[in-house]
Protein chains: 2
Amino acid sequence: MKKTIFVFSALIIALLVLFQLGKYSYVSGNLSIEIAIAAIAIVFFVIGVFINRKTLRQKPENRTTINHEKIEQLGISEREYEVLVHISKGLSNKEIANRLFVSESTIKTHVSNLLVKLDAKRRTQAIQNARSLQILAA
Amino acid sequence: MKKTIFVFSALIIALLVLFQLGKYSYVSGNLSIEIAIAAIAIVFFVIGVFINRKTLRQKPENRTTINHEKIEQLGISEREYEVLVHISKGLSNKEIANRLFVSESTIKTHVSNLLVKLDAKRRTQAIQNARSLQILAA
DNA sequence: TATGCACTCATACTAAAGTACCAAAATCCC
DNA sequence: GGGATTTTGGTACTTTAGTATGAGTGCATA
């Protein structure tokens with residue numbers, strides 16, 4: 001926000017400066033109005049480019065919004081989703097079991113359910129499908 | 001590419017038009033050079049904004065630039081990388097073997113080598129590591 | 001209360017995945 | 001031509017992953 005204000009201030013100043021230049025070249029006998037115009041065009045073109053770049057560069061960071069409705073829609077429970085996240089991080093069933101303080105059997109059950117709900121045959125495919133459904137962060 | 005050419009053509013035409021406008025306002029007795037200059041500034045500012053938006057909107061699609069140097073650095077061969085890509089798509093060793101017209105044994109060898117080179121214990125972890133190394137598209 | 005759902009866990013399998021070790025072609029490069 | 005690297009493939013084995021089935025617990029709610 002502060003940057004936007006700064007850029008606009010610079011924009012106004014540039015406008016005033018160019019007005020003065022325009023007047024001067026007019027008074028001093030039409031030295032080169034065209035060059036002044038070209039300069040104005042270039043300056044404001046560059047300003048336009050810069051402003052846009054700064055505003056658009058912030059978007060790519062929060063690009064992956066997790067689709068919570070989709071998760072519900074697929075009937076994936078909270079615990080199952082938790083397991084899914086751990087799978088996508090590359091953990092084995094045993095490792096996930098340790099992190100969630102449950103037995104490996106439990107994780108296997110969750111994984112099996114996840115594979116059905118995500119229409120996958122393998123956990124790697126589940127990751128891929130979940131990503132394309134925007135259920136997992138890219 | 002074609003769009004870029006079109007935009008630049010439009011840009012040049014706009015420049016010429018504004019030159020003419022500038023001359024006219026000068027000849028017709030200093031009607032309002034300042035207004036003309038303001039118009040030029042606004043027009044080129046808008047053009048700058050538009051060009052940037054079009055060029056930056058294409059990036060989010062191929063936002064993940066694959067780091068080819070990293071692949072080399074890790075000593076991952078072409079064939080191994082090919083296998084890695086298929087793994088990330090969620091294919092089994094057998095499926096990869098069929099797609100690449102080689103035996104499953106060969107794929108297993110490639111996968112084992114990949115796991116060492118990517119410092120992973122499982123294929124899911126290999127995917128995750130490869131992604132964080134920007135070797136695979138997100 | 002009982003009915004359903006989520007979570008838990010176990011057993012017994014089958015199927016993949018991954019390791020270790022070896023080795024023959026094929027390709028590349030000096 | 002010959003060495004290095006890549007690609008291919010095999011066997012034998014261990015480890016994970018995944019399936020099928022059944023069952024107990026807790027919790028919310030009709």
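Quick note on labels: first sequence line is chain A, next is B, and so on, each numbered from 1. Nothing here was measured: the structure is a model prediction, and the numbers come from that model. Computation of the quantities below employed the complete heavy-atom set of this structure, encompassing side-chain atoms and omitting hydrogens, waters and symmetry-equivalent molecules.
For B:His110, taking side-chain heavy atoms from C-beta onward, the closest of the listed nucleotides C:dA17, C:dC7, D:dT8 is D:dT8. Set against D:dT7, C:dA17, C:dC9, the side chain of B:Glu78 has D:dT7 as its closest nucleotide. The side chain of B:Thr109 approaches D:dT8 more closely than any other nucleotide in the set C:dG18, D:dT8, C:dA16. Taking the side chain of A:Val102 as heavy atoms from C-beta on, and the options D:dA17, D:dT7, C:dC9, the nearest nucleotide is C:dC9. Comparing D:dG18, C:dT8, D:dG10 by their closest approach to the side chain of B:Ser105 singles out D:dG10. Taking the side chain of A:Lys108 as heavy atoms from C-beta on, and the options D:dT7, D:dG9, D:dG18, the nearest nucleotide is D:dG18.
Note on B:Ser92: only backbone sugar-phosphate atoms sit closer than 4.0 angstrom, heavy atoms only; bases stay farther off. The residue A:Ser112 sits close to a base: some heavy atom pair falls under 4.0 Å.
Across the protein-nucleic acid pair, B:Leu100 atom CG and D:dG9 atom P stand 10 Å apart, rounded to whole Å. In this structure, B:Ile107 places its CD1 atom 12 Å from P of D:dG10, rounding to the nearest Å. Atom CD of A:Glu82 and atom P of C:dC7 are 9 Å apart (whole Å). The separation between A:Leu115 atom CG and C:dA16 atom P is 13 Å, rounded to whole Å. Here C:dG18 presents its P atom at 13 Å from NZ of B:Lys121, a figure rounded to the nearest Å. Between the CG atom of B:Asn113 and the C1' atom of D:dT5 there is a distance of 12 Å, given to the nearest Å.
Taking 4.5 Å as the limit, some side-chain heavy atom of B:Arg79 sits within range of a side-chain heavy atom of B:His110. Within the 4.5 Å cutoff, the side chain of A:Ile127 has no heavy atoms near those of the A:Arg123 side chain. A heavy-atom distance below 4.5 Å is found between the side chains of B:Gln73 and B:Lys70.
Salt-bridge formation is not detected for the pair A:Glu95/A:Lys89: no Lys NZ or Arg NE/NH1/NH2 atom is positioned less than 4.0 Å from an Asp or Glu carboxylate oxygen.
Both B:Ser103 and A:Leu91 lie near DNA chain D, and the one whose nearest nucleotide falls closer to the 5' end is B:Ser103.
The closest side-chain donor-acceptor pair between A:Ser103 and A:Thr106 falls under 3.5 angstrom.
Between C:dT8 and A:Arg79, a contact under 4.0 Å exists linking OP1 or OP2 to a side-chain N or O. Contact between the side-chain N/O atoms of A:Asn93 and the OP1/OP2 oxygens of D:dA17 is found at a separation under 4.0 Å. Contact check, A:Arg122 against D:dA17: no side-chain N or O comes under 4.0 Å of OP1 or OP2.
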